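Predicted, not measured: the structure shown is a model, and the values here were computed from it. Counting convention: from 1, in listed order, for ligands and their atoms alike.
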Amino acid sequence: IADPVIFGIYHPFLNNIGQMVATVLENRIHALLLTDSNAKLQHLVTQLEHLVAERTREISEALGKLEESERRLQVFIENAPVAIAMFDKGMHYMAASQRWLENYGLLGRPIIGLSHYEVSPDVPDLWREYHCRGLSGEPQEAMEDRFERSDGRIQWVRWSIKPWHDQNGQVGGIVLFTEDMTELRKTQESLLMASMIYSNTGEAMLVVNQKNEIVAVNPAFTTITGYGESEVLGRNPSVLSSGKQDKAFYQRMWEQLNATGTWRGEVVNRRKSGELYAEELMINTIFKKDGSVHRRVALFMDITEKRKREDLIWRQANFDMLTGLPNRHHLAEVAGREMMNAQRSQESLALLFVDLDRFKDVNDTLGHGAGDELLVEVTRRLKQCLRETDVVARLGGDEFVVILTQIRNTSAIDRLAESMLQSLSRPYTLNADKEQVYVTASMGIAVYPHDSSHYEELMSFADQAMYAAKDLGRNRFHYFTPALQAATQERLHLISDLNGALAAGQLQVYFQPIVELPTGRTRKAEALLRWNHPKRGMVSPDVFIPLAEESGLITSIGEWVFQQSLHWAARWNTQTAGGFQVSVNKSPIQLHERDNAEDRWPEALRLHGLEGHNLTVEITEGVLARFDAQTVHKLSKFRSAGIEVSLDDFGTGYSSLAYLKKFPIDYLKIDQSFVRGILTNDSDMALCEAMVVMAHKLGLKVIAEGIETPDHLYTMKRMGCDYGQGFLFARPMPAEAMDDWLKSQSS
Ligand code: C2E
Ligand code: MG
Ligand code: MG
């Protein structure tokens, strides 16, 4: 019907049949009518006219329909929500969608009928090739294709080329479809990433809807809380609640969430197993367009271990691990707080410095394990004596500090200090073998704000007072006094002066004869140190020797005394034909140090032409009290070199027979306080006699110190004492004077 209709009338006499058939064929005539009657012809013509009219109407109707459908197609294409264009065989635009025009910058340009390549000259060769293939009937498509645009931007495109066919089944052209996937791809990538993070992160996620019902949780949530997804979906997050936060806490949280949409903080929650855990929680809100809540997303991390570690670090930094008491560092903080409280309430506060007496002996003889046990027990007893508000801290070693709070009068301090002393002095049962140990403590007390309102100063005052308690015989407490402070200052000055004394030639060695009582001969002398202070005059060794010990200066000073003694011993030894002996005092500190006098001195003696028996080392009982293998070893070395050992000031310390048996000793020096007492005090007399007898039993010789009167001499001699030393014979004197004295004796 779309083809043109041609019809005509042929007169049989005008044309031959052959020509007519050719015409019919040529004109693609479908029907052929042969007739000889005009009437019939007329009829036929009328009929044909009808037919033609009808056909014409049909054609124009069909054409109208075609136009309509073409127009519809165009409209359809134009409005398609994708980029689509239809081309004919020559790649001329037949139709293009609005989106196409937009995408390719063709809006407003009349392009229908124009060649695609004219319109867009920059179409890449590859595309042209795709078009060709499409035009040859091969449909093509790609889901995602990467294109680099002329401006360098990378574009991801989904496209298809579909050939279209005419009614003869021939390819009439192609339909091109393209879609920019770049944005979509980005969104997909970030979605993918988000979901990967969601399921792989160690941070737990929990999503609730506006009704606060859980709608999603991730695997980390399950790991941390122990709840599987199915167990919590639809439930309220309060299933995790531990009760450790009060109502007010949650109220504040919700207030902030409602106001700002976010909340951040730390919460203690409970796992399914019932175990508590700490979490660092962050809540964010996703709002709907109308501003109402769509979802709330909670992210949290388990910080229990972190907290524990932090707590441990804090504990280690602030507490003593053995006793659990605050350490020196933490004490400063606690004391500061207590002082502020006291100030506010107009009360006093006592700071007690507690130092165990002879703790070192326990450590040395029973081992550190026992020492630790003792410290733990001391802690327990101290706490037991104190009130809830008081503080105990351990400074280290055997030093403790107690802070007594809310003090209104000193009698309260006295009472508490006394009860602590008593409690600490009770016997301690240590070690698996149930060893009983007796330990006492000395305490120094400084009062806030009476003595000072500064922590450091209070500590130093209490420390000084503690030393005063020790000096007074230990196992007691002593209050700080300004006089103590003055004494301490004085000591510090003296120590600093002593530092330069040796170099400044202020030190001098005096000698005091030791007389053989039965014969009256002098074959021994004791070297006694003197300090001629430029301002203070003669300072007693009883004052400065302890300072030298405390400051460590004793080592060099002691060595110097020895060298001086050697010099004179050599001289007097020659004068007395080889029988002279000089006594040198040796401080306990010297024997405990790594100072190896026992190795060096025998050689030094030899260099001066002396032998071992020309020297005596005087030690005090204190040395023996700290029984240790090292001391015995050192003393034995002296003795194996022929050097003799004297036990000085016997009777003032522990006076234990056990020591005398254990240690290698040659002489016992009875302290002058006994000698002084023999004439007036019966018990001193008895003691002296006992000492002499006992010493002789042990094979020791006895030297009586402090013989001041002929009566002293007579009595000691009668007791059988071997040697005497004292003002009756001579006071300690400079070496030159001693030299003269010896000469006068021998003449
Ligand atoms: P010490 O070893 O017991 O010395 C004897 C002390 O008694 C000396 O006191 C001496 O002067 C004194 N003395 C002697 N005879 C009498 C007397 O008849 N009556 C009285 N009242 N006292 C008498 P000094 O010289 O003051 O020495 C005191 C202490 O200082 C010594 O006691 C000794 O322990 C120590 N010392 C002295 N020189 C040294 C030294 O070089 N090194 C060490 N480590 N200590 C020393
Ligand atoms: Mg002495
Ligand atoms: Mg003495």
Side-chain angles (χ1 to χ4, degrees), residues 498 501-502 506-515 517 522 524-533 537-569 581-593 595 597 601 615-624 644-653 665-679 702-713 715-716 721 723-735 737-738 741:
L498 188 59
L502 193 59
Q506 294 164 7
L507 296 184
Q508 205 181 344
V509 180
Y510 275 34
F511 291 92
Q512 188 181 29
I514 298 174
V515 180
L517 294 185
T522 301
K524 297 179 193 299
E526 178 173 7
L528 293 162
L529 191 55
R530 293 289 175 266
W531 178 15
N532 197 354
H533 191 280
M538 275 299 179
V539 182
S540 163
D542 287 326
V543 173
F544 75 85
I545 292 291
L547 300 184
E549 289 177 345
E550 207 176 292
S551 59
L553 287 167
I554 192 69
T555 319
S556 52
I557 292 178
E559 198 63 26
W560 179 78
V561 171
F562 170 67
Q563 293 297 338
Q564 295 291 307
S565 305
L566 269 189
H567 172 76
W568 292 102
Q581 189 180 50
V582 172
S583 291
V584 171
N585 291 286
K586 215 161 185 346
S587 135
I589 305 285
Q590 282 169 279
L591 277 164
H592 275 91
E593 277 197 2
D595 157 281
W601 286 9
L615 182 71
T616 309
V617 171
E618 289 195 16
I619 56 165
T620 54
E621 280 178 314
V623 173
L624 307 187
E644 296 190 301
V645 178
S646 266
L647 188 56
D648 207 352
D649 305 339
F650 188 74
T652 53
I665 295 163
D666 302 281
Y667 299 95
L668 204 73
K669 290 186 87 168
I670 299 177
D671 190 71
Q672 49 180 277
S673 57
F674 293 99
V675 177
R676 202 174 301 133
I678 47 171
L679 301 177
V702 184
I703 303 170
E705 291 182 329
I707 307 268
E708 291 184 355
T709 66
D711 280 343
H712 290 151
L713 172 62
T715 315
M716 290 314 296
C721 188
Y723 298 89
Q725 179 182 353
F727 295 169
L728 177 67
F729 307 113
R731 287 181 178 259
M733 56 192 125
M738 178 73 187
W741 193 85

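- Atom 37 (C) of ligand 1 has its nearest heavy-atom neighbour, among Val543, Leu528, Val509, in Leu528.
- At least one heavy atom of Glu526 sits less than 4.0 Å from an atom of ligand 1.
- Distances from the Mg ion (ligand 2) to each N, O or S atom of Glu526 single out OE2 as the nearest.
- Within the model, atoms CD of Glu708 and CZ of Arg731 stand 7.5 Å from one another, a figure rounded to the nearest 0.5 Å.
- Heavy atoms only, all atoms of each residue included: Pro588 and Thr620 are closest at CG-OG1, 4.0 Å.
- Residue contacts with ligand 1: Leu529 is placed with a nitrogen or oxygen under 3.5 Å of a nitrogen or oxygen of the ligand (distance criterion only).
- Neither the backbone nor the side chain of Arg731 has a heavy atom within less than 4.0 Å of ligand 1.
- Residue side and main chain included, Asn585 places an N/O/S atom under 2.8 Å of the Mg ion (ligand 2).
- Nearest heavy atom pair, residue Asp648 against residue Asn585, reads OD2-OD1, 3.1 Å.
- Among all heavy-atom pairs drawn from Thr652 and Phe674, the shortest one is N-CE1, 4.2 Å.
- Residue-ligand proximity, Asp649 to ligand 1, at heavy-atom distances under 4.0 Å covers atoms 3 (O).
- Judged purely by atom type and a 3.5 angstrom limit, Gln512 uses its side chain to pair as donor or acceptor with the backbone of Ala730.
- Side chain of His567 to main chain of Gln564: no donor-acceptor pair is present (N/O by atom type, distance under 3.5 Å, no hydrogens or angles).
- Distances from atom 15 (N) of ligand 1 to the heavy atoms of Glu705, Gln725, Gln512 show the closest one on Gln512.
- With respect to the Mg ion (ligand 2), Asp648 has OD2 as its nearest N, O or S atom.
- The Gly726 neighbourhood of ligand 1 comprises atoms 15 (N), 18 (O), with distances under 4.0 Å to a heavy atom of that residue.
- Here Glu705 fails the criterion, with no N, O or S atom under 2.8 Å of the Mg ion (ligand 2).
- For ligand 1, the polar-atom distance check finds an N/O of Phe727 within less than 3.5 Å of one of the ligand's N/O atoms.
- Taking any N or O of Lys586, backbone or side chain, none lies under 3.5 Å from an N or O belonging to ligand 1.
- The N, O or S atom of Glu618 with the smallest distance to the Mg ion (ligand 2) is OE1.
- Using cut-offs of 30° and 60° on the angle between ring planes, the pair Trp601 and Phe562 is parallel.
- Contact of the Leu728 side chain with the Val515 side chain is not registered, since no non-hydrogen atoms from C-beta on lie closer than 4.5 Å.
- Side-chain contact check for Asp671 and Ser673: at least one donor-acceptor pair (N or O, by modelled atom type) lies under 3.5 Å.
- Below 4.0 Å from some heavy atom of Val561 lie the following atoms of ligand 1, by number and element: 41 (O).
- Leu498 has its side chain out of reach of Val539: every pair of non-hydrogen atoms, C-beta onward, lies at least 4.5 Å apart.
- For the pair Asp648 and ligand 1, the shortest N or O to N or O distance falls below 3.5 Å.
- Within the coordination shell of the Mg ion (ligand 2), defined by N, O or S atoms under 2.8 Å, Asp649 is absent.
- Per-residue contacts place Glu708 under 4.0 angstrom from the following atoms of ligand 1 (heavy atoms of the residue considered): 17 (C), 18 (O), 19 (N), 20 (C), 21 (N).
- Nearest heavy atom pair, residue Gly706 against residue Gln672, reads CA-CB, 3.7 Å.
- Short contacts between ligand 1 and Asp542, defined as distances under 4.0 Å to a heavy atom of the residue, involve ligand atoms 28 (C), 29 (C), 30 (O).
- Short contacts between ligand 1 and Pro732, defined as distances under 4.0 Å to a heavy atom of the residue, involve ligand atoms 11 (O).
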